[in-house]
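Everything below concerns the one structure shown next.
When a ligand or atom number is given, it counts from 1 through the structure's own listing order. In what follows, residues are counted from 1 in the order of the sequence shown.
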Amino acid sequence: MTQARDEIKIGGLGASRKRVEDNRFVRGKGRYVDDIVLPGMLHMEILRSPLAHARITSIDVSKAWQIPGVRLVLTGDMMAARNLAWMPTLSYDTQAVLATDKVRFQGQEVACVVADDPYIAKDACEAIVVEYEPLPVIVNPAQAVAEGAPVIRDDKENQPDNVVFTWEVGDKAGTDRAFAQADVVSTLDLHYPRSHPSPLECCGSIADFDRSTSKLTVYMTTQAPHIIRAAVALVAELPEHMIRIVSPDLGGGFGNKVPVYPGYVASILASILLERPVKWIEDKTGNLISTGFGRDIYLRGEMALRNDGKILGVRMYTDSDHGAFFSDAQPSKFKIGLLHSAFSCYDIPVAHLVNRGVYTNKAPGGVAYRCSFRVTEAMYFQERMVQAAADDLGMDQAEFRRRNFVRDDDFPHRTPWGFLTDSGQYGKCLDVGLEAIGYQDFLTEKEEARKQGRLLGIGISTMTEPLGAGNSREYDILGIKMFDSAELRVHITGKAILRTGAKSQGQGHETTWAQIVAHELGIPAEDITVEEGDTDTAPFGMGTYASRSTPVAGAAVSMVARKVRAKARKLAAHLLEVSEEDIEWELGRFYVRSAPDHGVTIQECAIAAYSNMPDGMEPGLENVAYYDPPNLTWPFGCYIATVEVDPQTGVWDVLRVVAVDDCGVRINPMIVEGQIMGGLTEAYAMANMQFITFDAQGNCVGSNYMDYLLPTAWETPGYELHEVVTPSPHHPIGAKGVGECATVGGPAAFVNAVMDAIRDTGVRNIDMPLLPDRVYEALTKRHDVSGAPPVRTDDE
Ligand code: PCD
Ligand SMILES: [Cu+]
C-alpha cells in the first residue's frame with residue numbers, strides 16, 4: 001500500500017500555494033535597495049541633459065563644489081581619465097556613462113554629485129553650469145536615414161551614418177515565388193510605439209568599496225546579478241572574487257532592470273574614490289526618460305494568400321528605432337532579437353524579413369519589456385496582419401486562423417525562419433476561447449447592434465512565444481552561454497535551502513521553486529528556503545527575463561533535486577539493508593520492492609547522510625546542477641476581447657476578455673493566473689492609454705504618471721481565464737514559460753476588436769495607443785491613423 005505524500009498537501013506541483021514572499025511584501029517588510037542603509041553612506045544624484053542633441057562646450061562645476069556637504073562632483077572628463085566615460089553594452093555597442101563630447105538624448109547623464117544627503121546632491125546638480133551648442137535632432141527612422149542627416153554616433157569609427165545594422169533572414173527567392181502565385185496579396189503598415197516598462201520601483205544602487213579588504217559590494221536593482229559581476233570585473237578591471245553583487249527585493253523589473261545604467265557605474269566609481277558607501281536612487285522622471293524603453297518599430301507586412309484562405313508566404317520590412325545607443329538586452333546572435341519568431345504558430349512555407357536598426361536622439365530603446373526580445377512586436381504584427389488578411393479574403397477571422405495553424409501532430413515544427421517549436425494544441429485553445437466568449441452569438445449580437453448604430457467588435461489574437469533563452473548552440477550574452485543553475489542543500493533534519501541563478505522581481509520564485517523540490521523529493525515546500533540574487537552565494541546564472549526562469553532555472557531545480565534523490569537512494573539502500581536495485585521511490589519515500597511497508601522517508605535519508613552513511617560514502621546531501629536547455633519552450637495563448645466603440649467620441653469600452661493559456665504543466669496555478677492578469681493589464685494599457693513620445697526637438701512627452709498612464713483597478717477590465725495543458729516534451733517537468741505571454745499576445749486582441757467595430761469605415765489601421773481622438777479621426781475621416789508616418793525599408 002502506498003505511503004506516498006499527498007503532493008498538493010505538501011505544496012508540490014499543481015498546488016495553488018500562497019506566495020511565501022508576500023508575507024513580507026504585504027506587511028511593508030520587503031527589503032528594496034532604498035531600504036538598505038549602510039554606516040557612513042553618501043548619496044548621489046545625476047544631472048541630466050535638457051537637450052536631445054547638442055555639443056557640450058563647457059561644464060563648470062565650481063559652484064557645486066562650494067555647497068557644504070558636497071563630497072564629489074563627477075564629470076565625463078573625470079570618467080574619461082579613468083577610461084570609464086564609455087561602457088560596452090549587451091549588444092556590442094558602446095554607451096556614454098557621463099557625456100564628454102555631445103549629449104545624444106534628452107535626459108542623458110552629464111554629471112553626478114555625491115553629498116551627505118540626497119537634497120544637497122540635487123541642489124548641487126542644479127549649481128553645475130553646462131553650456132550646450134544645439135544640434136539638429138532626429139526622432140524617427142525616416143529622419144535618421146534622410147539625406148544629410150547629422151551623424152549621431154560620430155564618436156564611433158566606421159559609423160558614417162545612423163544605421164546600426166541591417167539584418168535579413170529567410171528565403172527571398174522562395175518568398176518571391178510564393179507571391180507570384182498568390183490570389184490575393186494583403187499588406188499592412190504599422191508602428192508599434194515606444195512603451196516604458198515602468199516598474200513601480202525605479203533603478204538604484206549602493207556601491208560599497210572597502211579598501212581594507214579590497215572588496216566591492218554593490219546592492220542594485222538588477223535582473224541579472226552574475227552578468228553584472230562579470231561586466232564590472234571586465235570594465236573596472238577588478239578581480240571577480242572581490243566583487244559581490246546583491247539584488248535584493250525588486251519592485252518589478254519588466255525588462256527595465258536588465259541593462260547596465262550609468263548611475264550604477266558612477267556610484268561604483270564614487271565609492272572607490274571616496275572609500276564610503278554611495279547610494280543612488282533614480283527618481284520617476286529619470287526612470288521614464290532615460291532607462292530601457294521597449295518597442296518603437298515600424299513595419300510593412302505583406303502576405304501572399306490563396307483564395308481558400310491558405311497563407312503562402314510572408315514578407316516583413318521593419319525599421320527599429322534603438323535610440324542613441326544600441327543597448328537592447330538580447331542574446332547576441334540575432335541583431336533584432338527574436339523578431340523572426342513571428343508566424344511560428346502558422347504553417348507558412350516561406351518567409352523573408354529585412355530589419356534595419358537606426359540610431360536616433362532618443363534614450364536607448366528596444367529593451368525586452370515583458371517580451372522575449374522583440375517577440376511582442378513580432379506577435380502584434382502577426383496578429384494584426386492575420387486579421388487584415390482574413391478581412392481582405394472576406395473570411396471569418398477564427399476560421400482563417402484555424403485553417404493555417406500548425407496541426408497537433410506536426411510537432412516539432414520548423415518555422416519558416418528556422419525555429420523549432422516543441423508542442424501545442426492550437427486549435428483546441430482557439431475552440432476553448434471561442435466557446436467561452438460565445439463567438440457565434442456575439443457575431444449575431446454585433447449585427448443587431450449595428451442596425452441601431454452601436455459599434456461592437458471582437459478581436460482575436462493567437463500566438464506561440466519562444467520562451468527560455470536558451471540553448472548554448474544559439475544563445476549567448478557577450479559570449480556567455482545562456483544556461484542556468486540551481487544548488488540544493490538538504491540539512492540534517494530534512495529541511496533544505498535552494499539557490500538559483502535566476503532573480504525574482506515579484507514573480508514568486510521563492511514559492512514555486514520550493515514546489516518543484518517538493519515534487520521531486522517529497523520534502524514539504526514550507527521546509528525549503530529559496531534564495532536568489534547574491535553572487536557570493538548563488539550559483540552562476542544568467543538571471544530572470546524573457547520568461548526564461550521556469551524553462552531554464554526551473555529545469556535546473558528539477559535536475560539538482562534528482563541528483564540529490566540519487567544519492568538519497570544509496571542512503572536508503574544502506575538503511576534498508578538491500579541493494580539499490582531493489583528499491584522503489586514514491587513521493588517522499590523509498591521502499592523495498594518486495595516489502596512495500598519496509599521503507600525510509602527522504603528525511604530519514606537526510607539524517608543518515610550526516611550520521612550513518614555507508615563506508616566510503618562522502619557525507620552530506622547536496623548538489624548543484626547547470627542546465628543547458630535543448631530548445632526553447634513554446635507556450636500558446638489565445639486572447640479574445642469584445643469592445644463597444646462610442647461613435648460620438650471614439651471612446652471604447654472593453655466588454656469581455658477571455659484568455660486561454662497553454663504554458664504546459666503549471667507549477668502554481670494561482671501564480672500563473674496572476675501572471676496572466678498582470679500581463680493582460682499591461683497589454684490593455686499599451687493598446688488603450690499609454691503614450692510616451694517625442695516632439696520635434698526630442699523632448700520626451702509623457703515623462704510622468706500624469707501623462708504616462710498606468711491603469712488602476714478602476715480602468716482595468718475583468719478577465720476570464722481558461723487553460724489547456726500541453727507539456728513541453730523536453731522540459732524535466734513539462735513546464736513552459738508564461739510570464740510574458742499575455743503582454744505579448746494581448747495588445748492585438750484589443751486593437752483587432754476596435755478595428756472590427758469600425759470595420760465599415762474601411763480604415764485598416766490605427767496605431768496604438770488607440771486614444772479616443774485617434775479612433776474618432778478614423779471614424780469621421782475614414783483614413784488610417786498612424787502615430788508616425790510609416791517608412792518602407794525595401795529599395796524596390
Ligand atoms: N508553467 C509555469 C510557468 C511559470 N510559473 C510561475 O510563474 C512565474 C513566472 O515564470 P516564468 O514565465 O518562467 O517567468 P520568469 O522568468 O520567472 O519571470 C520573467 C517574466 O516575469 C513577468 N512577470 C512579472 N511579475 C511580477 N510580479 N513582476 C515583474 O517584474 C514581472 N516581470 C515580467 C517579465 S518582463 Mo522581461 O524582464 O521584460 O524580459 S520576462 C518577465 C514564476 O513564479 C513561475 O514559477 C508556473 O507556476 N508554471
Ligand atoms: Cu520587444
Side-chain angles (χ1 to χ4, degrees), residues 12-17 19-22 25 195-201 221-224 249-259 292-295 328-331 337-338 366-376 465-469 484 500-516 519 530 532 541-555 557 632-633 635 637 661-682 723 725-728 731 733-744:
L13 217 55
S16 281
R17 191 179 172 227
R19 304 189 346 150
V20 293
E21 42 271 88
D22 288 351
F25 293 156
S195 60
H196 200 280
S198 201
L200 288 186
E201 178 204 24
T221 49
T222 177
Q223 297 177 224
D249 286 334
L250 296 182
F254 305 107
N256 190 240
K257 292 169 181 166
V258 175
F293 280 91
R295 335 301 184 212
D328 305 18
Q330 66 179 39
L338 309 183
V367 88
Y369 163 30
R370 214 161 190 172
C371 161
S372 274
F373 320 113
R374 299 291 190 175
V375 165
T376 313
E465 192 195 356
L467 294 182
D484 226 292
T500 87
K503 175 63 191 112
S504 184
Q505 309 123 44
Q507 291 85 346
H509 295 174
E510 288 168 51
T511 308
T512 50
W513 297 162
Q515 293 184 246
I516 298 178
H519 168 71
V530 176
E532 292 180 339
M542 297 301 275
T544 290
Y545 39 85
S547 304
R548 65 185 297 277
S549 305
T550 300
V552 195
V557 174
L632 303 164
T633 66
D661 281 273
D662 179 355
C663 57
V665 173
R666 297 183 175 199
I667 306 163
N668 182 321
M670 183 170 62
I671 286 187
V672 169
E673 286 180 7
Q675 288 293 313
I676 294 164
M677 292 182 189
L680 284 170
T681 304
E682 290 185 315
E723 70 170 334
V725 177
T726 317
S728 168
H731 187 278
I733 56 167
K736 303 183 179 189
V738 74
E740 300 160 342
C741 294
T743 305
V744 172

Exercise for the section: Go through the side-chain N and O atoms of T512 and N668 and say whether any donor and acceptor fall under 3.5 Å apart. Expected result: no
Distance from [X] atom [atom1] to [Y] atom [atom2], nearest 0.5 Å?
X	Y	atom1	atom2	answer
L680	Q675	CG	CD	11.5 Å
L632	H731	CG	NE2	12.0 Å
Q515	R17	CD	CZ	5.5 Å
D484	K503	CG	NZ	13.0 Å
Q505	E201	CD	CD	10.5 Å
M677	E682	CE	CD	14.5 Å

Which atoms of ligand 1 have any heavy atom of [X] under 4.0 Å away?
X	result
C663	1 (N)
Y369	38 (O)
R666	1 (N), 48 (N)
V672	2 (C), 5 (N), 46 (C), 47 (O), 48 (N)

Look at [atom] and say which protein heavy atom is nearest, naming residue and atom and giving the distance to 0.1 Å.
atom	answer
atom 25 (N) of ligand 1	Q675 NE2, 3.3 Å
atom 47 (O) of ligand 1	N668 N, 3.0 Å
atom 41 (C) of ligand 1	E740 CG, 4.0 Å
atom 26 (C) of ligand 1	G506 C, 3.7 Å
atom 13 (O) of ligand 1	T550 OG1, 2.7 Å
atom 38 (O) of ligand 1	A368 O, 2.1 Å
atom 39 (O) of ligand 1	A546 N, 2.6 Å
atom 1 (N) of ligand 1	V665 O, 2.8 Å

Where is the tightest heavy-atom contact between [X] and [Y], given as atom of each residue plus distance?
X	Y	answer
T500	A502	OG1-N, 3.0 Å
S195	Y369	OG-CD2, 3.4 Å
Q223	Y545	NE2-CB, 3.8 Å
C371	T376	CB-OG1, 2.6 Å
S372	A546	OG-O, 3.2 Å
P551	A555	O-CB, 3.4 Å

Handout entry: ligand 1 versus C371: contacting region, heavy-atom distance under 4.0 Å
Key = backbone
Practice task
Answer side chain, backbone, both or neither: which part of I667 comes under 4.0 Å from ligand 1, heavy atoms only.
Solution key: both
Looking only at distances, can you tell me whether any N or O atom of [X], backbone or side chain, sits closer than 3.5 Å to an N or O atom of ligand 1?
X	answer
T512	yes
S549	yes
G737	no
H509	yes
V258	no
V738	yes
R548	yes
G252	no
G664	no
G255	yes

If you take the nearest heavy atom of each of [options], which one is closest to [atom]?
atom	options	answer
atom 35 (S) of ligand 1	R370, R17, Q223	R370
atom 32 (N) of ligand 1	F254, W513, F25	F254
atom 21 (O) of ligand 1	E201, E510, Q507	Q507

Handout entry: Heavy-atom check, side chain of S549 versus side chain of W513, under 4.5 Å
Key = yes
Problem - G678 touching ligand 1 at heavy-atom level, < 4.0 angstrom - result: no
Handout entry: Side-chain (R374) to main-chain (R295) donor-acceptor, under 3.5 angstrom
Key = yes
Completion exercise
Checking T743, V744, L467 against V375 for side-chain contact (heavy atoms from CB on, under 4.5 Å), the one that qualifies is V744
